[in-house]
Amino acid sequence: MKFDTPATTNPIDQLKVIGQPLDRIDGPRKVTGTARYAYEQHDVAPNQAYGHVVGSAIAKGKIVSMDLAAARRAPGVLTIVTAQSAGKLGKGKYNTARLLGGPDIEHYHQAVALVVAETFEQARAAAQLVKVRYAEARGAFDLAAVKDRAPDAKPEGESPTQTAVGDFAGAFATAPVKLDQSYSTPDQAHAMMEPHASIAAWDGDKLTLWTSNQMIAWSVGDMAKTLGIPKENVRLVSPFIGGGFGGKLFIRADALLAALGARAAGRPVKVALTRPMMFNNTTHRPATIQRIRIGATPDGKITAIGHESWSGDLKGGGPELATQQTRLLYAGANRMTSLKLAVLDLPEGNAMRAPGEAPGLMALEIAMDEMAEKLGLDPVEFRIRNDTQVDPEKPQRPFSQRRLVECLRIGAERFGWEKRSATPASVRDGKWLVGLGVASAFRNNLVMKSGARATLGRNGIVTVQSDMTDIGTGTYTIIAQTAAEMMGLAIDKVKVELGDSSFPVSAGSGGQWGANSATSGVYAACVKLRDAVVQKLGFNSGDAVFEGGAVKSGNRSVPLAVAAREGDIVGEDTIEFGNLDETHQQSTFGGHFVEVGVEAATGEVRLRRMLAVCAAGRILNPKSARSQVIGAMTMGAGAALMEDLVIDKRRGFFVNHDLAGYEVPVHADIPHQDVVFLDETDPMSSPMKAKGVGELGICGVGAAVANAIYNATGVRVRHYPITLDKLLDRLPSVS
Amino acid sequence: MKSFTYERASTPAEAASAAARNTGTRFIAGGTNLLDLMKLEIETPRHLIDVNSLALDTIEPLPDGGLRIGALVRNTDLAADARIRRDYGVLSRALLAGASGQLRNKATTAGNLLQRTRCPYFYDTNQPCNKRQPGSGCSALGGFSRSLAIVGASDACIATHPSDMAVAMRVLDAQVETVRPDGTTRRLPIAQFYRAPGDTPQLETALAPGELITAVTLPKPVGGMHVYRKVRDRASYAFALISVGAIVQRDGSGRVALGGVAHKPWRIEAAEAQLPKGARAVTERLLANAKTTDDNAFKLPLVERTLAAVLVEARA
Ligand SMILES: Cc1cc2nc3c(=O)[nH]c(=O)nc-3n(C[C@H](O)[C@H](O)[C@H](O)COP(=O)(O)OP(=O)(O)OC[C@H]3O[C@@H](n4cnc5c(N)ncnc54)[C@H](O)[C@@H]3O)c2cc1C
Ligand code: SF4
């Protein structure tokens with residue numbers, strides 16, 4: 001199905017199942033431990049052996065020699081894979097560094113060997129006997145030190161990295177009120193619960209990989225490319241994923257090494273990365289240094305807005321797209337953005353939840369707060385004054401929907417914003433300095449081609465199959481809701497099977513495109529299935545209604561199952577998107593409101609209240625959507641207050657590479673969170689009229705926290721995370 | 001993890017003598033620290049003696065009005081004990097500020113005293129670390145040292161002792177009771193229990209090889225306001241950046257020990273004389289020879305400010 005004209009009324013609009021806050025259909029399996037994750041697929045292949053990864057002890061240089069003798073002799077060891085023994089390997093399209101290093105080393109903890117043994121404990125013990133001698137080379141590990149030599153980042157796809165509209169320099173120079181400030185965000189880790197894990201089994205030259213992966217089709221392609229085998233010979237199965245956040249968009253060392261280990265051992269092999277290895281072995285969100293300049297008239301109209309961002313990555317990698325939102329979020333005739341990319345020899349940077357916007361808004365939305373203060377304007381009002389209903393770079397191009405102003409107004413009212421004191425450090429509650437902060441949330445709505453197959457069985461059950469993944473977001477449930485709505489069924493009459501590359505290729509989970517794109521693919525498949533059913537039952541396709549488990553037209557009503565009496569009926573299709581996202585800018589919007597308390601003596605920051613008001617098209621399931629937003633707000637709070645991959649600049653690695661050192665919020669850090677969705681449908685986005693929400697919730701929340709801290713203390717911190725040491729010397733004395 | 005042999009001891013004296021017989025022995029109690037370290041091969045014992053079945057899990061009153069806490073009393077049980085909560089509040093609060101409920105259910109009194117540093121380089125076996133591998137160097141010096149020591153450290157090691165409980169024990173003048181491999185017992189004041197890192201940061205306590213902790217004793221209650229204030233980056237389940245354990249009497253006198261600043265709970269009795277003058281005077285004395293890094297210099301003002309807040313709270 002091609003989606004190239006705005007959606008009109010369709011069966012989804014009935015909202016009998018879609019739009020209902022239904023429980024997850026996979027919930028009972030998750031809480032009873034019967035939803036099996038990659039590493040737990042004990043019975044899919046017999047005689048599984050265990051692989052343990054050896055990571056490089058240096059960040060850059062060469063392996064001089066490897067002594068495997070002691071490891072080979074260790075109890076239970078079956079085989080050892082190294083770059084030398086693995087033979088020629090390719091590199092995946094989505095990987096920057098090779099997944100198996102040697103003799104050249106590209107980053108710390110790059111895998112250099114896999115030890116395979118009968119048990120996990122034997123493999124781990126033997127892995128510690130692998131002796132590697134390295135020749136360490138000097139590397140570049142400090143973004144601030146190399147930033148000034150960083151060239152313009154190369155454009156990726158159609159998206160330019162350097163933009164200019166009007167005369168930014170002239171307008172900024174002559175603006176009556178202006179701001180020119182630098183901000184920084186640190187490297188951050190996905191730190192998802194489930195580590196990267198895979199089980200590989202070969203049948204002749206055919207590989208099956210049970211793994212934890214967000215993008216099945218990408219990863220089939222990359223696995224085949226890396227191993228140098230045809231795509232048809234690779235099957236990936238990833239039914240449940242314990243969080244990914246962008247860290248599992250591609251194959252990683254666990255997957256490749258499981259495949260190589262299984263080939264070498266001649267039996268299935270399972271590999272999980274250990275927690276301390278994940279931080280340097282896999283990808284992370286790159287640090288940024290950002291410069292923002294804003295010029296405005298005294299009444300608060302932006303006349304010039306400029307945003308530059310520096311980030312680093314391994315050679316051949318890409319930039320963190322931190323200027324993305326600044327091209328679209330606020331009005332202003334004169335504008336520029338620029339992305340610079342330095343080469344760093346740190347582990348590989350890549351996408352993490354809301355890549356670009358998450359760190360970009362952490363800076364931009366502090367700048368907006370600072371600018372509002374300079375103008376003597378309320379920060380909510382300042383944002384509203386600079387709303388735009390069209391793409392500010394191309395005014396002929398409207399937004400499909402843009403209700404940022406409503407998000408901010410409704411949020412301000414619900415949060416009691418009018419009680420905020422505009423004077424920083426003026427509200428105290430016992431030992432707490434109290435402040436309120438606001439920020440806009442913004443994230444583009446991406447649409448991706450997506451396929452599904454819907455099969456009606458003689459028992460009246462519709463089974464939906466797609467290689468779409470559920471990364472903990474609730475995909476199973478919204479797909480079941482879509483099929484139930486389309487086929488006139490209760491949700492328990494729909495079965496959903498996901499995450500298998502033998503199913504139709506879907507959009508996958510990433511960039512908050514999953515929910516809208518994948519359900520649209522299911523919609524398309526169900527349209528086909530409805531046609532087939534109608535034809536089978538001899539209905540007139542124009543007026544048949546699917547309702548209550550039956551197909552009805554006029555006085556005639558036939559149970560749906562009857563259509564499949566002689567055999568399954570299959571509807572399969574792929575939704576493809578036309579150019580509606582070119583004619584119309586599709587984005588999601590929100591307002592974040594945060595109240596913090598800062599302990600007056602110690603500078604400890606504790607969140608007191610959080611509210612997000614979101615405008616993100618039709619909300620397919622308010623319960624799972626709310627969970628997405630509160631999870632993202634929590635992640636944004638972590639980014640604001642504690643998350644920081646600390647670099648050892650002498651040896652080029654992230655030092656705090658476990659969950660004791662890399663702190664993410666715990667329950668005690670998160671206060672009452674409120675989420676409001678505006679009642680909205682966006683017919684430009686898809687037949688579902690939905691958009692993504694999974695990333696919107698993290699966008700801007702960090703800056704709302706920072707702005708609240710400023711309001712509480714009068715201390716403006718522009719370098720994340722905002723830990724107490726950055727506040728301490730400017731807090732009132734303790735008496 | 002290296003393979004090891006294992007036995008279950010039946011009496012404390014037997015445990016100690018068995019430990020002395022087998023080189024490379026460790027006792028295992030809750031295992032919440034030791035097992036983690038063994039998996040990473042930071043600890044590589046060849047033999048484990050499980051002390052969990054020794055009858056050392058009770059809290060008994062002492063004739064002098066104090067308490068004797070068995071080495072195997074779990075942190076949860078100790079924190080919840082009515083006598084501890086009533087008479088030694090600083091200890092109960094310190095325990096509850098540490099780790100998580102699940103860990104405290106396993107963690108024992110002796111194991112807690114002997115938990116090892118959380119210096120990130122100690123945990124990464126690719127990196128030099130004098131404590132883990134004597135003579136290899138100290139990666140934290142010149143590296144990431146935000147959580148590390150500002151007093152009492154040496155050029156060989158700036159690690160901190162991470163225990164909250166030990167800070168309270170120090171304020172309370174606890175004593176550590178042990179049995180040695182030859183069957184003799186002794187009592188060590190906690191002030192003498194931890195060794196300065198010097199050139200041998202791998203040697204952390206005054207315990208001799210094979211010496212088993214059987215109990216920790218508390219002197220009779222001293223009254224006063226008991227406060228334990230732990231400062232950290234997140235609200236729970238994190239080690240202290242710094243902590244202050246204090247007992248403050250009505251007359252303004254009292255005791256103060258710090259966590260998160262040194263290789264041991266940091267207390268200087270002479271500094272306590274300054275209490276009536278306020279937090280600055282006490283801190284100046286306590287941290288007189290402080291040596292900070294760029295990463296951890298904030299601990300100096302943080303200690304002073306936190307202590308000031310603790311004194312306000314205690315006197316309120
Ligand atoms: C995730 C996490 C977070 C934590 N957070 C905190 C925190 O915030 N604050 C805090 O204070 N602690 C914290 N801890 C540490 C925790 O308190 C210790 O792990 C625990 O107290 C150790 O007790 P155990 O009985 O498990 O010791 P074990 O691991 O069994 O033993 C530790 C050491 O003591 C030795 N030992 C044990 N018993 C004896 C004995 N009777 N005589 C002689 N030697 C003995 C062992 O040989 C070993 O060397 C945390 C731990 C973890 C894993
Ligand atoms: S501070 Fe101590 S524990 Fe840390 S690296 Fe240095 S020697 Fe090792």
Side-chain angles (χ1 to χ4, degrees), chain A residues 55-58 74-75 108-109 121-122 124-125 128-129 132 134 274 276 280 431 599-607 637-638 641-642 644 646-651 653-670 721 723-729 731 733-735, chain B residues 1-4 36 38-41 44 99-100 118-121 123-128 139-140 142-147 162 229-239 241-244 278-280 294-313 316:
Chain A
S56 166
I58 62 165
Y108 193 70
H109 276 174
E121 289 76 12
Q122 289 171 334
R124 182 177 58 191
Q128 284 156 315
L129 296 173
V132 188
Y134 298 94
T274 61
N280 287 283
K431 59 184 186 176
E599 219 273 2
T602 62
E604 291 159 294
V605 178
R606 300 290 179 249
L607 299 168
L641 297 175
M642 59 193 87
D644 182 3
V646 178
I647 301 163
D648 186 307
K649 290 177 187 147
R650 305 162 302 179
R651 303 208 57 213
F653 69 104
F654 299 130
V655 183
N656 48 341
H657 55 79
D658 59 26
L659 287 177
Y662 186 84
E663 290 185 9
V664 298
V666 294
H667 282 92
D669 290 302
I670 300 303
T723 43
L724 57 87
D725 44 294
K726 295 174 185 170
L727 302 171
L728 215 51
D729 61 342
L731 293 178
S733 65
V734 189
S735 52
Chain B
M1 190 184 283
K2 291 240 156 77
S3 47
F4 54 87
D36 282 359
M38 285 170 65
K39 289 177 197 165
L40 296 165
E41 294 195 3
T44 51
S100 66
R118 294 281 161 175
C119 169
Y121 297 98
Y123 273 83
D124 188 334
T125 48
N126 291 327
Q127 304 305 326
S139 297
F144 177 49
S145 53
R146 184 163 192 267
S147 65
R229 181 70 169 91
K230 179 174 180 180
V231 183
R232 42 187 157 178
D233 285 324
R234 65 180 174 192
S236 168
Y237 204 27
F239 290 95
L241 291 169
I242 64 113
S243 67
V244 176
R280 167 151 305 170
D294 286 351
D295 286 346
N296 67 21
F298 74 92
K299 289 188 178 184
L300 283 177
L302 184 59
V303 165
E304 183 186 322
R305 297 178 65 92
T306 307
L307 178 58
V310 162
L311 295 180
V312 170
E313 185 185 331

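This structure is a prediction, so every number in the text was calculated from the model and none was measured.
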Under the ring-ring contact (aromatic ring centres under 6.0 Å, His included) test, residues paired with A:Tyr108 that sit two or more places apart: A:Phe653
Interchain contact, B:Ile242 with chain A, by part (heavy-atom threshold 4.5 Å): neither
A:Glu663, part contacting chain B, at a heavy-atom distance under 4.5 Å: both
Smallest separation among heavy atoms of A:Asp725 and B:Arg146, with atom names: OD1-NH2, 2.7 Å
Side-chain donor/acceptor of A:Arg650 to backbone N/O of B:Ser139, under 3.5 Å: yes
Part of A:Thr274 lying under 4.5 Å from any heavy atom of chain B: neither
Which portion of A:Val655 sits near chain B, non-hydrogen atoms under 4.5 angstrom: both
When A:Asp648, A:Asn656, A:Leu724, A:Leu728 are compared by non-hydrogen pairs under 4.5 Å with chain B, the top option: A:Leu728
Option that, when pairs with chain A are counted at under 4.5 Å, heavy atom only, ranks first among B:Arg118, B:Lys2, B:Glu41: B:Glu41
Region of A:Ala74 that comes under 4.5 Å of a non-hydrogen atom in chain B: neither
Interface residue of largest heavy-atom contact number with chain A, from B:Thr306, B:Val231, B:Thr125, under 4.5 Å: B:Val231
Heavy-atom neighbours of B:Asp294 CG exceed 12 at 6.0 Å: no
Max heavy-atom pair count under 4.5 Å with chain B, selected residue of A:His109, A:Glu599, A:Glu121: A:Glu599
Most contacts with chain A, counted as non-hydrogen pairs under 4.5 angstrom, among B:Glu313, B:Lys299, B:Arg232, B:Arg229: B:Arg229
Shortest non-hydrogen contact between A:Asp669 and B:Ala235, atoms and distance: OD1-N, 2.7 Å
Interface moiety of B:Val312 toward chain A, non-hydrogen atoms closer than 4.5 Å: side chain
Interface residue of largest heavy-atom contact number with chain B, from A:Leu129, A:Leu731, A:Ile58, A:Ile647, under 4.5 Å: A:Leu731
Among B:Phe239, B:Tyr121, B:Tyr237, residue most engaged with chain A (heavy-atom pairs, under 4.5 Å): B:Tyr121
Under 4.5 Å from a heavy atom of chain B, the part of A:Leu727 involved: neither
Top contributor to chain B interface from A:Ala668, A:Pro75, A:Ala601 [non-hydrogen pairs under 4.5 Å]: A:Ala601
Selection from A:His667, A:Lys726, A:Gln122, A:Arg124 maximising heavy-atom pairs under 4.5 Å formed with chain B: A:Arg124
Options B:Ser3, B:Pro120, B:Gly142, B:Ala297, ranked by heavy-atom pairs under 4.5 Å with chain A, top entry: B:Gly142
Minimum heavy-atom distance A:Ser733-B:Arg305, with the two atoms named: CA-NH1, 4.2 Å
Atom of B:Lys39, atom of A:Gln128 and distance for their closest heavy-atom approach: O-NE2, 3.4 Å
Non-hydrogen atoms of A:His657 and B:Asp124 that approach each other most closely: NE2-OD2, 2.7 Å
Nearest non-hydrogen partners of A:Val734 and B:Ala309, listed with the distance: CG1-N, 3.8 Å
